[in-house]
Protein chains: 2
Amino acid sequence: MFEIAHVNGKLLKKADAVIQIHDLGLLRGFAVFDFFRAVKGRPFMVADHAKRFVNSARLLGINHSYTESEIIKASIELLNQSGLQEAGIRLLLTGGYSEDGFKQGDPNFIGMIEKLSPFVESNFENGVKLMAHHHLRELAEIKTTNYITAVQLQPKRLRENAYDILYYYDNKILEVTRSNFFIIKGNTLITPKENILKGITRKKVLELCKSEFEIEERDVLLSELSEADEAFLTGTTKKVMPVVQVDEIVIKNGKRGEKTLKIQKLFSDFEKSF
Amino acid sequence: MFEIAHVNGKLLKKADAVIQIHDLGLLRGFAVFDFFRAVKGRPFMVADHAKRFVNSARLLGINHSYTESEIIKASIELLNQSGLQEAGIRLLLTGGYSEDGFKQGDPNFIGMIEKLSPFVESNFENGVKLMAHHHLRELAEIKTTNYITAVQLQPKRLRENAYDILYYYDNKILEVTRSNFFIIKGNTLITPKENILKGITRKKVLELCKSEFEIEERDVLLSELSEADEAFLTGTTKKVMPVVQVDEIVIKNGKRGEKTLKIQKLFSDFEKSF
């Protein structure tokens with residue numbers, strides 16, 4: 001999976017990259033992480049990711065002294081060591097080695113450089129189908145490592161031939177398992193604001209679109225899916241990906257819309273300029 | 001924390017007991033566990049724990065071929081190797097080494113023998129105070145490793161001088177972070193039935209009490225706390241522990257009740273007879 005890693009600053013090859021089994025990330029799922037891409041050998045939007053990573057750790061209550069600039073520096077060093085131009089960079093900060101299986105220890109800081117799966121161009125062109133599932137992520141605004149529901153649902157997702165899972169709760173659309181969700185009505189871009197993990201690609205798309213679209217960050221009702229002209233999701237490896245169906249609801253004509261194409265272009269131009 | 005461990009059947013000393021960092025238990029919190037005591041050098045109520053462990057793995061969707069008898073055998077072997085008479089036995093089954101950071105691999109089976117903290121007799125005699133918190137555990141009926149909310153709340157628990165945290169949701173009492181909750185009204189033992197992890201000690205206490213008490217397994221409203229004559233919690237390391245206060249609500253006279261004492265005696269006799 002990964003090519004090279006560090007654990008607490010020590011550079012390690014895959015087989016040597018281990019943690020002891022009484023780490024609180026393993027024993028109690030108590031850890032935060034972040035994931036971003038390397039583009040042209042440099043970490044893409046790394047300042048935003050480092051900020052979110054440090055913030056997630058603070059909100060969860062992991063006591064640590066890493067600064068954003070140390071996080072960025074460690075990521076760049078690890079990426080340089082890997083020699084990869086295009087890659088995924090995964091960072092974790094765990095609750096550390098626990099004395100009693102519950103109390104926090106000194107946090108363990110882990111970084112790994114991963115080869116990315118090839119992008120499937122047809123998904124970006126034709127759009128994808130999502131499967132809806134009633135779920136509100138625990139501590140949704142913190143990027144914890146808790147994906148038990150998402151991993152558990154994979155067999156069902158495959159049976160339903162869905163690309164990913166769209167969470168909703170109390171009739172409100174929230175987010176996709178590892179990405180954010182947008183609908184377009186007329187010239188208005190609408191995306192959930194609360195009870196979600198705010199993505200870095202989401203933030204960039206809102207920024208790139210604000211001069212060309214009306215923006216509404218607000219509760220999005222499930223019933224609005226059938227009123228939407230277009231829909232898409234955003235994420236580190238999803239970039240801007242059209243959504244053409246959710247369960248049995250086909251968005252408009254079931255094809256990628258013109259406005260989604262325009263937003264894909266805006267994001268792609270931004271990435272090229274990086 | 002632990003004395004001796006095995007990873008996939010291989011006996012290891014503490015320093016050597018490691019897993020690679022792309023285990024899905026660490027990366028995605030995708031793992032189940034169980035925890036039980038050794039009493040007089042033998043695993044206590046191990047058949048129930050092994051059954052729950054295998055069942056948790058099945059419900060979460062971890063593909064594995066371990067049988068209950070293999071789980072019991074591995075636990076006994078590990079305990080014998082430790083040479084300890086009284087100890088904690090922790091078992092984990094994780095989603096395994098993931099190719100892409102999300103898909104399951106072959107599960108990793110981990111066992112460890114831990115020295116237990118000394119039992120604090122005054123808690124069993126005087127009872128403890130709990131702090132209430134609005135929370136429903138994700139996949140509550142599966143013993144996953146997800147304790148992020150419980151670990152996150154520890155500083156608040158300490159500030160409030162509470163022994164542990166009582167979860168409630170929509171005005172219904174559910175469970176304590178790692179134990180089950182009971183109230184007594186008259187001669188009736190009342191305990192939540194749904195949206196909880198059903199403890200092995202809970203099961204044994206219900207069994208031991210059924211000839212001497214009326215039993216109600218049902219929704220328990222928060223408002224019933226102030227109507228209760230007594231309250232207690234049950235768990236592997238808590239055994240039967242009186243609860244005398246929840247936030248500002250003092251249960252009856254704030255002292256351990258006679259019926260709780262009787263149930264403690266029933267459980268203690270059962271343990272002595274083991």
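So that the names make sense, note that chain A is the first sequence line, chain B the second, and so on, each numbered from 1. What you are looking at is a predicted structure, and each value in this text was computed from that prediction instead of being measured.
For chain A, the nearby part of B/F33 is the side chain; its heavy atoms alone come within less than 4.5 Å. With a 4.5 angstrom heavy-atom cutoff, B/R137 does not touch chain A via any of its atoms. When heavy atoms are compared at a cutoff of 4.5 Å, B/L92 approaches chain A solely by way of its side chain, counted from C-beta outward. For B/D23, the part lying near chain A is the side chain, with the backbone staying farther off; criterion is any non-hydrogen pair under 4.5 Å. Heavy-atom distances place both the backbone and the side chain of B/L26 under 4.5 Å from chain A. Proximity to chain A is limited to the backbone of B/L59, based on heavy atoms less than 4.5 angstrom apart. With a 4.5 Å cut-off on non-hydrogen atoms, B/L60 touches chain A through its backbone and its side chain both. Interface remark: B/Q154 contributes side-chain atoms only to the contact with chain A (heavy atom separation under 4.5 Å). Residue contact with chain B, scored on non-hydrogen atoms closer than 4.5 Å, is absent for A/L12.
Separation of atoms CD1 (B/I21) and NE2 (A/H6) is listed at 8.5 Å; rounding is to 0.5 Å. A distance of 9.0 Å separates CD in A/E138 from CD in B/Q152, rounded to the nearest 0.5 Å. Note: B/R90 CZ to A/H22 NE2 = 11.0 Å, rounded to the nearest 0.5 Å.
Scanning residues 70-82 of chain B against chain A with a 4.5 Å non-hydrogen threshold yields no residues. For residues 234-242 of chain B, heavy-atom neighbours of chain A at less than 4.5 Å comprise no residues at all. At a heavy-atom cut-off of under 4.5 Å, chain B is reached by A/I142, A/T144, A/T145, A/N146, A/Y147, A/I148, A/T149, A/A150 from residues 140-150 of chain A, listed in order of number.
A search for salt bridge (Lys or Arg N to Asp or Glu O under 4.0 Å) contacts involving A/R157 returns nothing, not counting sequence neighbours.
In the displayed structure, B/D106 atom CG is contacted under 6.0 Å by at most 12 heavy atoms of other residues, nucleotides or ligands. Residue B/E160 places its CD atom among more than 12 non-hydrogen atoms of other residues, nucleotides or ligands, all under 6.0 Å distant.
Ranked by heavy-atom pairs under 4.5 Å with chain A, the first of B/G95, B/A17, B/G25 is B/A17. Across A/T177, A/D16, A/V151, the residue that shares the most heavy-atom pairs under 4.5 angstrom with chain B is A/V151.
Between A/M112 and B/L27, some side-chain heavy-atom pair lies under the 4.5 Å cut-off.
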